[in-house]
Protein chains: 2
Amino acid sequence: MKMEERKQQILQALILDYIATGDPVGSRTIARKYKLGVSSATIRNEMADLEELGLIEQPYTSAGRIPSQLGYRYYVDCLMERKPLADSVKKYIQDTLLDKIKETESLIQLASKLLSQLTNYTAIVMAPTYGKNVLRHVQLLPLENNKVVLVIVLDNGHVEHRTLDFSLSLRGEDFERLSAILNAHLRGLSLEQWKSGVFQAIYHELDYQKRLLNQVMELVENVLSVEYESKVYLGGALNILNQPEFKDVEKVKVILELLEEERALKEVLGMGQELGISVKIGTENPHEGMKDCSLITATYELNGKVIGTLGVLGPTRMEYSKAVSVVDFLTSALAEGLRKL
Amino acid sequence: MKMEERKQQILQALILDYIATGDPVGSRTIARKYKLGVSSATIRNEMADLEELGLIEQPYTSAGRIPSQLGYRYYVDCLMERKPLADSVKKYIQDTLLDKIKETESLIQLASKLLSQLTNYTAIVMAPTYGKNVLRHVQLLPLENNKVVLVIVLDNGHVEHRTLDFSLSLRGEDFERLSAILNAHLRGLSLEQWKSGVFQAIYHELDYQKRLLNQVMELVENVLSVEYESKVYLGGALNILNQPEFKDVEKVKVILELLEEERALKEVLGMGQELGISVKIGTENPHEGMKDCSLITATYELNGKVIGTLGVLGPTRMEYSKAVSVVDFLTSALAEGLRKL
DNA sequence: TTTAGCACTCAAGAAGGGGGAGTGCTAACA
DNA sequence: TGTTAGCACTCCCCCTTCTTGAGTGCTAAA
């Protein structure tokens with residue numbers, strides 16, 4: 001869409017002012033605050049045009065104008081200046097994120113916390129999805145009073161454990177033997193290779209422990225079969241309470257309930273799977289309840305493969321410029337953190 | 001505190017009505033709805049007395065009365081009828097909770113979900129604190145591209161794992177040997193028994209892997225030293241949004257922020273450590289922001305030892321009777337679930 | 001094409017009344 | 001002595017009315 005220079009300037013001024021104040025913006029305000037060298041009457045005429053184009057709208061007759069969804073879209077696509085983050089902020093992010101990395105989970109949690117702190121919006125980070133699960137190691141460990149811990153380690157480093165009940169008392173060596181036998185048969189298996197034959201083979205060697213074996217096999221099969229669902233981490237979920245457009249409890253409720261439901265979150269986040277940064281404004285979002293929200297997402301990579309998404313959720317009246325910068329930089333910082341891991 | 005029969009009846013009627021409707025209750029309403037056999041004028045006189053006793057108060061002149069904090073306290077202590085849960089509800093709880101128990105964590109999560117569903121308030125469940133940590137098992141497992149998973153299992157069944165970077169490439173058998181050596185030296189150790197001597201001994205056997213050993217030892221020491229903090233589980237945190245007294249976003253914010261902060265939650269929950277059911281009304285709670293909330297808690301046991309607390313948080317205008325019943329029954333159901341585990 | 005001027009619109013806030021629920025008091029009654 | 005009917009009074013709530021002011025659209029002149 002091509003548009004006269006001045007119209008663009010006015011649209012930009014109006015959007016910036018509305019984002020900053022939250023009040024409808026009038027022609028006089030624009031003439032006074034943003035020196036465009038024309039009078040308010042001229043601006044008024046242009047604004048009438050902009051309204052006709054559907055880029056701005058009046059909440060009611062004789063109020064100022066506010067950006068329409070389309071207006072935000074035009075701003076984000078054509079007008080917005082993407083100024084990079086200040087070096088100090090970049091450094092802060094890197095220091096926080098790359099300093100004491102322990103494991104994927106805490107790294108991602110940290111990223112979501114950072115994201116919400118820096119933007120004052122709600123951060124959503126979707127963790128990597130695991131691929132095909134191959135069994136790396138199985139270990140049975142006895143605890144006191146007839147409890148056994150079963151630890152299952154997958155090739156991708158994922159660890160799962162479960163406490164099982166166990167009536168017969170075996171000695172420590174027995175468990176070593178049991179683990180060894182299980183490992184010998186199960187190591188390297190993925191679900192596709194899972195056959196009843198495996199069970200038979202182990203069953204043969206361990207028929208004196210039928211019940212325990214059953215439990216173990218069931219669990220192992222479970223762990224293998226779970227296509228590890230990507231977990232979603234939230235940061236600053238309550239930040240929307242600070243937004244004046246969400247001073248109504250009913251509105252807040254809709255959003256917070258949405259955020260509580262992991263499934264919905266994935267749906268919402270899953271949309272922006274195109275590469276690079278995606279900005280979804282208002283009803284562009286898949287979820288009805290998000291019609292007053294915008295979502296800025298970006299995917300992050302590891303070894304050239306997209307492994308997750310991260311984003312910020314705020315009101316449509318959002319500081320797009322800043323949010324985009326933060327999301328952009330955090331994406332690369334997170335990718336770097338993951339690579340170092 | 002002793003009080004005339006009729007005053008008690010009026011207080012009870014007033015509280016029940018106020019809990020049900022949320023509106024200040026007038027003398028006429030009580031006379032009409034609760035057949036006490038006296039006229040509204042008489043009730044008016046009694047209500048004046050009750051106000052003088054500090055049990056009820058007027059929001060403003062010539063409105064009805066509402067219970068004061070003291071009034072609720074009197075009601076809970078002296079007037080409230082504790083009717084047991086319906087059998088169907090009991091069965092529902094038991095079926096849900098005892099059916100497919102996998103492990104402590106999901107059991108407790110389920111309990112908190114049940115608690116919030118049944119009461120429509122917010123459920124808070126504090127999980128068992130772990131005692132002294134004794135190392136049960138250490139396992140090193142190689143993954144692809146120079147990564148190693150270190151799995152640490154404690155005597156209480158707790159499993160911790162971490163992915164380590166690792167430059168030298170060793171073969172599978174080497175890891176088995178490494179694990180075996182580590183286990184031989186470390187198994188059964190608690191933090192008190194942790195001595196530099198241990199390190200020296202292993203170091204001796206494994207001097208060719210100094211760096212990895214360093215990482216492992218650091219991590220093991222870490223895991224042992226963490227006094228496993230009791231985790232807190234929330235259920236139905238957004239239920240307070242349904243309460244008319246929390247239709248103001250500012251109030252909601254205070255509570256939700258409180259709920260988000262684990263430390264504060266523990267403090268709040270930690271108060272009611274006396275045995276049995278504890279009801280904290282309004283400012284009896286330790287936290288300023290909870291002055292309009294009541295908290296009903298109870299401790300649950302395993303093997304005769306208190307291992308956790310569970311409770312519901314609602315407005316001071318709370319269905320105490322029902323909430324107490326649910327908390328009471330759920331406490332025993334959860335204890336049974338844990339015992340069976 | 002731009003601008004000044006002007007009439008017009010409409011939300012928000014202040015002001016002013018009823019209406020109504022509820023009270024306290026008083027006097028009569030059982 | 002306790003209970004009740006009656007009544008004046010209080011004060012929130014809701015409705016209407018009025019005013020204010022920001023902002024607009026239109027018109028005519030520069």
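In this text the structure is predicted, and so the values were computed from the model without any measurement. Note: hydrogens, waters and symmetry copies are ignored here, and every other heavy atom, side chains too, is used.
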Asker: What's the CD-P distance between A:Q58 and C:dA11, to the nearest Å?
Answerer: 11 Å
Asker: Near DNA chain D, which residues from residues 35-49 of chain B have a heavy atom under 4.0 Å away?
Answerer: B:G37, B:V38, B:S39, B:A41, B:T42, B:R44, B:N45
Asker: Report which part of the nucleic acid B:R28 touches: base, sugar-phosphate, or nothing (heavy-atom distance under 4.0 Å, all strands).
Answerer: nothing
Asker: Check each of B:E288, B:K291, B:Q69 against B:T283 using the side-chain hydrogen bond (donor to acceptor under 3.5 Å, both in side chains) test, and report the only one that passes.
Answerer: B:Q69
Asker: Rounding to a whole Å, what distance do you find between B:I66:CD1 and C:dT23:C1'?
Answerer: 16 Å
Asker: Got more than 12 heavy atoms from elsewhere within 6.0 Å of CZ, A:R32?
Answerer: yes
Asker: Within this structure, what is the OH-to-C1' distance between A:Y60 and C:dA12, rounded to whole angstrom?
Answerer: 8 Å
Asker: Judged by modelled atom types alone, do B:Q8 and B:Y74 share a side-chain donor-acceptor pair under 3.5 Å?
Answerer: yes
Asker: Can you check the B:I56 CD1 to C:dG24 C1' distance for me, whole Å?
Answerer: 14 Å
Asker: How long is the line joining NZ of A:K7 and P of C:dT2, in whole Å?
Answerer: 10 Å
Asker: Counting neighbours of OH on A:Y92 that are heavy atoms of other residues, nucleotides or ligands and sit closer than 6.0 Å, is the number greater than 12?
Answerer: no
Asker: Knowing that exactly one of B:Y72, B:Y18, B:Y121 qualifies, which makes a ring pair (Phe, Tyr, Trp, His ring centres under 6.0 Å) with B:Y320?
Answerer: B:Y72
Asker: Dump the intermediate steps for salt bridge (Lys or Arg N to Asp or Glu O under 4.0 Å) on A:E81 and A:K83, then the final yes or no.
Answerer: CA-CA 6 Å; A:E81 291 155 18; A:K83 49 187 170 209; 5.9 Å; no
Asker: Quick check on B:R73: does its CZ atom have over 12 non-hydrogen neighbours (other residues, nucleotides or ligands) under 6.0 Å away?
Answerer: yes
Asker: Rounded to whole angstrom units, what separation is found between the CD1 atom of B:I30 and the P atom of C:dA21?
Answerer: 16 Å
Asker: At under 4.0 Å, does any side-chain N or O of A:R65 touch on OP1 or OP2 of D:dG25?
Answerer: yes
Asker: With no angle test and no hydrogens, is the base of D:dT10 tied to the side chain of B:S62 by a donor-acceptor pair under 3.5 Å?
Answerer: yes
Asker: Looking at A:S27, I'd like to know whether one of its side-chain N or O atoms comes within less than 4.0 Å of OP1 or OP2 on D:dT24.
Answerer: yes
Asker: In this structure, how many angstroms lie between the P atom of C:dC25 and the CD atom of B:E51, rounded?
Answerer: 12 Å
Asker: Just the rounded figure in Å: distance from C1' of C:dA11 to CG of A:D23.
Answerer: 13 Å
